[in-house]
Amino acid sequence: MVRCGGAALRKYGNFLDNLRLYVRGGTGGMGYPRLGGEGGRGGDVWFVAQERATLKSIRDRYPKKRFIAGTGANSSVRALKGEKGKDCEVLVPWGISVLDDDGKQIGELNAAGERFLAARGGLGGSLATNFLPCKGQSRIVRLDLKLIADVGLVGFPNAGKSSLLSKISHAKPEIANYPFTTIQPELGKIMYADYKQISVADLPGLIEGAHANKGMGHKFLKHVERNKQLLLVVDISGFQLSTKTRFRTAFETILLLTKELELYKEELLTKPALLAINKMDLPCAKDNLNELMKQLQNPQDFLHLLQEEMSHANILEFKEIIPISTYTGEGIEKLKACIRKSIDEEAEQENEEYRKKKLLLLQTSEEQQINRR
């Protein structure tokens, strides 16, 4: 059952990343005092993760955003034990955190098919309740979406992330020659000849101070958390947001991006990372690339030349560094191959760790059986 109510949401264009809902379990059924009959328990409200669900589809289909489960059946002469009320299942996207109205996380749904009990139904009337039914659990919850993708594109505005996504996938993000053309996350899939698909998320451009929530930094950085791997995209000619901000070389840009990720959440630096050096079609790009490679090979030798706030910066360890040009197509196929190789290596490592855990559990079980004899 869906009834009227209010909701609050945050959005970037048509993309929703946060949705506030009212959920209530069904009321139990009446007991039957004369024969000691017990009313049916009220239905439950469940969140069920589905691959193609979106928060926008929930908003559009249920604009009043109240989800109430069915009432339990009353006890009667024909059925002393009343039937349970009908459950209410809300199809939600996978990759969400469920928070209460105070912002405390109470659950997660990370894979299609996973379920979360959002509101439990009330008990039916019985001897313990003087045969009166109990109301179901009611509360306001917030669904907080963090995009899940195999690879997340990270970079400052106008580095060419959207152009890169359009080159390696069938996604059609907005592309223009000015910063902040990506104001909402975009998803695309790389299709390989053996039908393997790898999902890629183009995240809105960061700015200096994003870790402190400058320029909606937290809203954009949180999507980085649930990408399996990171692909930093850097303009070989450097970056300057405006005439009022300092010009940053490609090396400084990499250090700043690393710093923003680390200050937001240090664990992000443990994710496997690739580096795409974009705009290799520009004049002096090869000379700049040679200088950058020297700096990346021995970063400590160059940190003293930088400003104080970056002189102690850490730097990501990149599995591959690939020069590319989204304008000419240079390096794009190599980049796709490197992404595939990196994803396959991580999958094999995860499988190996899983096999080791299963073997350890089996050995432990066998030892326990031997000790019991």
Given side chains that start at C-beta, do those of [X] and [Y] come closer than 4.5 Å, heavy atoms only?
X: I254; Y: L296; value: yes
X: N18; Y: L143; value: no
X: L263; Y: E266; value: no
X: I324; Y: I277; value: no
X: L231; Y: L153; value: yes
X: L230; Y: L261; value: yes
X: L19; Y: K65; value: yes
X: F47; Y: L91; value: no

Mark yes or no for whether [X], through its side chain, and [Y], through its backbone, hold a donor-acceptor pair below 3.5 Å.
X: S75; Y: G39; value: no
X: T364; Y: L360; value: yes
X: D101; Y: I140; value: no
X: D281; Y: Y327; value: no
X: D150; Y: S199; value: yes
X: N278; Y: V234; value: no
X: N227; Y: Q229; value: no
X: D100; Y: K104; value: yes
X: K271; Y: E225; value: yes
X: R139; Y: A118; value: yes

Presence of salt bridge, [Y] and [X], under 4.0 angstrom:
X: E345; Y: K319; answer: yes
X: D44; Y: R120; answer: no
X: R115; Y: E89; answer: yes
X: K259; Y: E262; answer: no
X: E352; Y: R355; answer: yes

Assigning hydrophobic clusters by single linkage (Ile, Leu, Val, Met, Phe, Trp, Tyr; side-chain heavy-atom cutoff under 4.5 Å), is [X] placed with [Y]?
X: I58; Y: V48; result: no
X: Y22; Y: L99; result: no
X: M293; Y: L275; result: yes
X: I68; Y: L117; result: no

| With a cut-off of under 6.0 Å to the ring centre and 45° to the axis, is R340 in cation-pi contact with Y192? |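 Yes, a cation-pi geometry.
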Please report the closest heavy-atom contact between [X] and [Y], naming both atoms and the distance.
X: G155; Y: K161; answer: N-CD, 3.6 Å
X: K189; Y: S169; answer: O-CB, 3.2 Å
X: N110; Y: W94; answer: O-CE3, 3.1 Å
X: A159; Y: K279; answer: O-CE, 4.0 Å
X: P323; Y: M280; answer: CB-CG, 3.8 Å

| task | Kindly determine whether S163 and S166 satisfy side chain to side chain donor-acceptor pair (under 3.5 Å), including the steps that lead there. | result | CA-CA 5 Å; S163 298; S166 68; 5.3 Å; no
| query | Between Y62 and F67, what is the ring plane arrangement, given parallel below 30°, perpendicular above 60°, and tilted in between? | reply |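 Judged by the thresholds at 30° and 60°, the geometry between Y62 and F67 is perpendicular.
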| said: Starting from F131 and following side-chain heavy-atom contacts under 4.5 Å between hydrophobic residues (I, L, V, M, F, W, Y), which residues can be reached? | reply: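 Traced through the cluster, F131 reaches L127.
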